[in-house]
Amino acid sequence: MKNLEISRIFREIADILEIKGDNPFRIRAYQRAAQNIEGLTEDLESYAEGERLREIPGVGEDLANKIKEFVQTGDIKAYQKLKKSLPPGLLNLLDIPTIGPKTAKLLYDKLKIKSIADLERAIRSNKLKGIFGIKEKTVENIIKGIELLKRGKERMILAEADSVASKFLQALGKLPQVKKICFAGSLRRQKETVRDIDILVSSSQPQKVIEAFTRVRGVKQILAKGPTKSSLRTDEDVQVDCRVVP
DNA sequence: GGACTTGT
DNA sequence: GGTTCGAC
DNA sequence: GTCGAACCGTACAAGTCC
């Protein structure tokens with residue numbers, strides 16, 4: 001089921017276009033398509049097979065092609081290109097309540113702020129005040145927003161963790177060297193919220209498993225990579241740890 | 001008071 | 001970017 | 001059928017800045 005992935009990508013494209021000040025109607029088009037795709041009960045892949053993508057409200061020739069591209073190749077070139085046109089991390093600013101595209105762009109243009117870490121540094125060194133449109137009150141709100149975000153981001157609800165976890169399960173499960181694979185930690189215990197995902201793999205060739213693990217689609221950053229252990233961060237900002245045992 | 005941004 | 005609608 | 005133009009979800013509250 002690629003539906004959620006694609007709608008996420010479309011939303012992200014909309015965010016990027018918004019920061020870049022693109023045509024508002026174009027932005028809305030992506031948002032609308034994303035929303036309609038989310039509500040779909042049927043798999044996009046079957047829409048694609050039957051050439052029925054355009055039956056989806058808000059999906060025309062262009063978006064249909066992008067969906068088709070994703071279904072076939074697992075990626076969308078135009079999306080990658082668009083993503084590269086912006087510093088990685090800048091989009092994360094939008095996750096902060098009170099910061100929308102305008103403010104994100106402002107911070108980037110005026111202060112070269114391109115990540116939440118940058119923003120925190122700027123706040124600490126009092127660089128934020130004095131920028132056009134930002135005074136003490138706004139700075140306070142941003143600080144509160146960051147705190148809120150961090151509290152919420154540290155833990156995610158089980159359902160989210162599950163969907164990320166299943167991607168890895170699927171990817172690693174395909175490997176012939178894998179004998180057994182299971183989850184550990186809070187995900188296994190089915191706690192209401194989890195901080196990260198722990199995967200335990202049994203294999204005679206740990207290196208191969210680690211290799212595959214770090215190459216799963218949607219990996220943003222590799223935090224550690226050793227012969228039998230590795231941990232990484234996904235595009236959804238979820239940390240995933242993997243241990244391989246004989 | 002008016003303009004603007006975010007969020008619903 | 002999508003959709004509608006009239007002209008051709 | 002297809003080409004191009006015009007239009008596209010509306011309305012609003014709240015907060016901040018000027």
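Chain letters run A, B, ... following the sequence lines, proteins first and then strands; every chain starts at 1. Just so it is clear, the model here is predicted, and its values are computed rather than measured. Hydrogens, waters and symmetry mates are skipped; everything else that's a heavy atom, side chains included, is used.
- For A/Thr103, a side-chain nitrogen or oxygen approaches OP1 or OP2 of B/dT6 to under 4.0 Å.
- Here A/Pro101 lies in heavy-atom contact (under 4.0 Å) with sugar-phosphate atoms only.
- To the nearest 0.5 Å, the span separating CG on A/Leu175 from CD on A/Glu211 amounts to 11.0 Å.
- Distance A/Ile76 CD1 to C/dG1 C1': 14 Å, rounded to the nearest Å.
- A/Gln170 CD: 12 or fewer foreign heavy atoms inside a 6.0 Å radius.
- In this structure, A/Asn141 reaches the D/dT16 phosphate: one of its side-chain N or O atoms is under 4.0 Å from OP1 or OP2.
- By the 30° and 60° cut-offs, the orientation of the rings of A/Phe10 relative to A/Tyr30 is perpendicular.
- Looking only at distances, a side-chain donor or acceptor of A/Asn3 sits under 3.5 Å from a matching main-chain atom of A/Leu44.
- Checked against B/dT6, C/dG1, D/dC8, the side chain of A/Arg28 finds its nearest nucleotide in D/dC8.
- Atoms CD1 (A/Ile19) and C1' (B/dT6) sit 14 Å apart, rounded to a whole Å.
- Taking atom NZ of A/Lys66 as the reference point, atom C1' of C/dG2 lies 13 Å away to the nearest angstrom.
- For A/Leu63, the side-chain atoms get nearest to C/dG1 when compared with the rest of B/dT5, B/dG7, C/dG1.
- Taking atom C1' on both C/dG2 and D/dC12, the two are 26 Å apart, rounded to the nearest angstrom.
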Next on the checklist: Please evaluate residues A/Phe213 and A/Leu232 with respect to the criterion side chain to side chain contact (heavy atoms under 4.5 Å, CB included), reporting the C-alpha separation (whole Å), side-chain torsions for both, the decisive distance (0.1 Å), and the verdict.
Outcome noted: CA-CA 9 Å; A/Phe213 174 67; A/Leu232 50 78; 3.5 Å; yes
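- For D/dC17, one of the phosphate oxygens OP1 or OP2 lies less than 4.0 angstrom from a side-chain nitrogen or oxygen of A/Thr138.
- Rounded to whole angstrom, the span from the CD1 atom of A/Ile134 across to the C1' atom of D/dG15 amounts to 14 Å.
- Residue A/Lys135 places its side chain closer to D/dC18 than to any other of D/dC18, C/dG1, D/dC8.
- Rounded to a whole Å, the CD atom of A/Glu61 is 12 Å from the P atom of D/dT2.
- Between C/dT4 and D/dT10, the two P atoms lie 15 Å apart (nearest whole Å).
- Using modelled atom types, one finds no donor on one side chain facing an acceptor on the other under 3.5 Å when comparing A/Lys208 with A/Ser203.
- Going from atom NZ of A/Lys129 over to atom P of D/dC17 covers 11 Å, rounded to whole Å.
- Whole-Å rounding puts the A/Ile131 CD1 to B/dT5 P distance at 16 Å.
- Look at A/Arg32 and you won't find any side-chain N or O under 4.0 angstrom from OP1 or OP2 of C/dG2.
- The aromatic ring of A/Phe25 does not stack onto the base of D/dC7, failing the criterion of a centre distance under 5.5 Å from the six-membered base ring together with planes under 30° apart.
- The interatomic distance linking A/Gln31 (CD) with D/dG9 (P) rounds to 12 Å, in whole Å.
- Distance check on atom C1': B/dG7 versus D/dG9 gives 15 Å, rounded to whole Å.
- You'll find that the side chain of A/Lys137 is closest to D/dT16, out of B/dT6, C/dG1, D/dT16.
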